[in-house]
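So the structure is just underneath, and the comments pick up after that.
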Amino acid sequence: MSVQPLVVIVMAMEAEAAPLRAALGAAPAEPPVWASSLPARVAIADHAGVDVVLVTNGTDPRTGVDCIGSTAAALATQVALDHARSGLARQPDLVLTVGTAGGWNRAGASIGDVYLAWDRFVCHDRRIDLPGFDAFGRADLPAADLRAHAEALGCRLGIVTTGDSLDESPEDAARIVASGAEVKEMEAAAVAWIGSLHDVPVGAVKAITDLVDSPVTTAEQFSANLATAADALQRTTLALLARLGEEIGADV
Ligand code: SAH
């Protein structure tokens with residue numbers, strides 16, 4: 001009996017995830033017992049020959065907003081991997097960190113562009129000037145090779161850089177220029193770290209809501225473009241899943 005490929009999708013904000021969850025027709029699933037008091041929400045779907053576990057970071061009970069950022073993303077990734085392994089008795093073929101991001105005019109990005117991560121995930125706000133810890137702080141984790149899909153889907157490719165702030169401090173800016181990153185967001189490197197601990201490849205689908213080097217504030221651009229970006233994310237992710245179904249399915 002052939003087994004369908006299994007892809008875990010990790011998303012931070014409900015507004016980003018809602019269109020994709022609806023398009024997938026994903027059904028809510030119980031998180032593992034150990035995670036029952038965590039905010040992460042799990043849903044499962046079957047799309048174009050691919051089994052999907054969709055996890056969102058969930059709502060912070062104290063402040064009532066989405067748990068954006070790296071801590072909740074790491075936790076949500078662990079919850080989804082455990083759901084796959086214990087609940088479905090499967091090792092996922094791929095984890096995708098899917099969400100909105102900032103880009104740069106200087107790198108040729110436009111609002112609504114969709115990037116796939118290549119060739120790595122880095123962190124720009126973990127400055128630890130101690131031997132060994134500096135490299136740990138930079139993360140520098142490999143991205144799954146989705147280059148062939150990027151071309152077919154009309155996506156750009158770029159290094160994704162993660163930090164826990166929406167704005168860009170001067171220190172962040174210098175480190176981002178040095179790393180060559182073209183996509184700035186708040187979760188991907190944390191998802192990639194958990195994936196690396198479990199030997200599961202991690203890729204990213206990131207839609208540009210704001211241009212960091214624009215005179216308009218990031219927050220203003222983000223709010224204006226969130227719905228458009230969420231729609232682009234949903235369309236690209238569905239098309240990518242269908243292509244992965246053919247590619248990974250043929251290898252199983
Ligand atoms: N004020 C917004 C919160 C948006 S935070 C609200 O409450 O609706 C930004 C989210 O989008 C994070 O999950 C992050 O991954 C992503 N993001 C988009 N643009 C970003 C940028 N320029 N820098 C960092 N994260 C960004």
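When a residue number appears, it is its place in the shown sequence, counting from 1. Predicted model only: the values in this text are computed from it and were never measured.
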Spacing of [X] atom [atom1] and [Y] atom [atom2] [to the nearest 0.5 Å]:
X: Leu226; Y: Glu16; atom1: CG; atom2: CD; value: 6.5 Å
X: Arg156; Y: Tyr115; atom1: CZ; atom2: OH; value: 3.5 Å
X: Glu220; Y: Thr217; atom1: CD; atom2: OG1; value: 4.5 Å
X: Asp119; Y: Asp145; atom1: CG; atom2: CG; value: 9.5 Å

Do the charged groups of Asp140 and Arg138 touch, with an N to O distance under 4.0 Å?
no
Pair Asp113 + Lys206, salt bridge at N-O below 4.0 Å
no
For the residue pair [X] and [Y], establish whether any side-chain heavy-atom pair is separated by less than 4.5 Å.
X: Ile194; Y: Leu81; answer: yes
X: Thr209; Y: Gln221; answer: no
X: Leu241; Y: Leu24; answer: yes
X: Val10; Y: Val95; answer: yes
X: Leu96; Y: Val7; answer: yes
X: His124; Y: Ser179; answer: no
X: Leu233; Y: Met11; answer: yes
X: Cys155; Y: Thr236; answer: yes

Between [X] and [Y], a side-chain donor and acceptor under 3.5 Å:
X: Glu30; Y: His83; result: no
X: Arg243; Y: His149; result: yes
X: Glu187; Y: Thr97; result: no
X: Thr162; Y: Glu185; result: yes
X: Thr228; Y: Asn225; result: no

Would you find a donor on one side and an acceptor on the other, under 3.5 Å apart, between the side chain of Asp134 and the backbone of Ile128?
no
I'd like to know if the side chain of Lys184 reaches the main chain of Leu166, judged simply by a donor and an acceptor atom lying under 3.5 Å from each other, with no hydrogens or angles considered.
yes
Nearest atoms (heavy-atom pairs only) where [X] meets [Y]:
X: Leu94; Y: Ala144; value: CD1-CB, 3.7 Å
X: Ala12; Y: Ile68; value: CB-CG2, 4.2 Å
X: Val55; Y: Ala40; value: CG2-CB, 4.0 Å
X: Cys67; Y: Asn57; value: O-ND2, 2.8 Å
X: Ser36; Y: Pro31; value: CA-CG, 4.4 Å

For Glu171, look at atom CD and say whether over 12 heavy atoms of other residues, nucleotides or ligands are found less than 6.0 Å away.
yes
Taking atom CH2 of Trp193 as the centre, does the number of heavy atoms from other residues, nucleotides or ligands within less than 6.0 Å exceed 12?
no
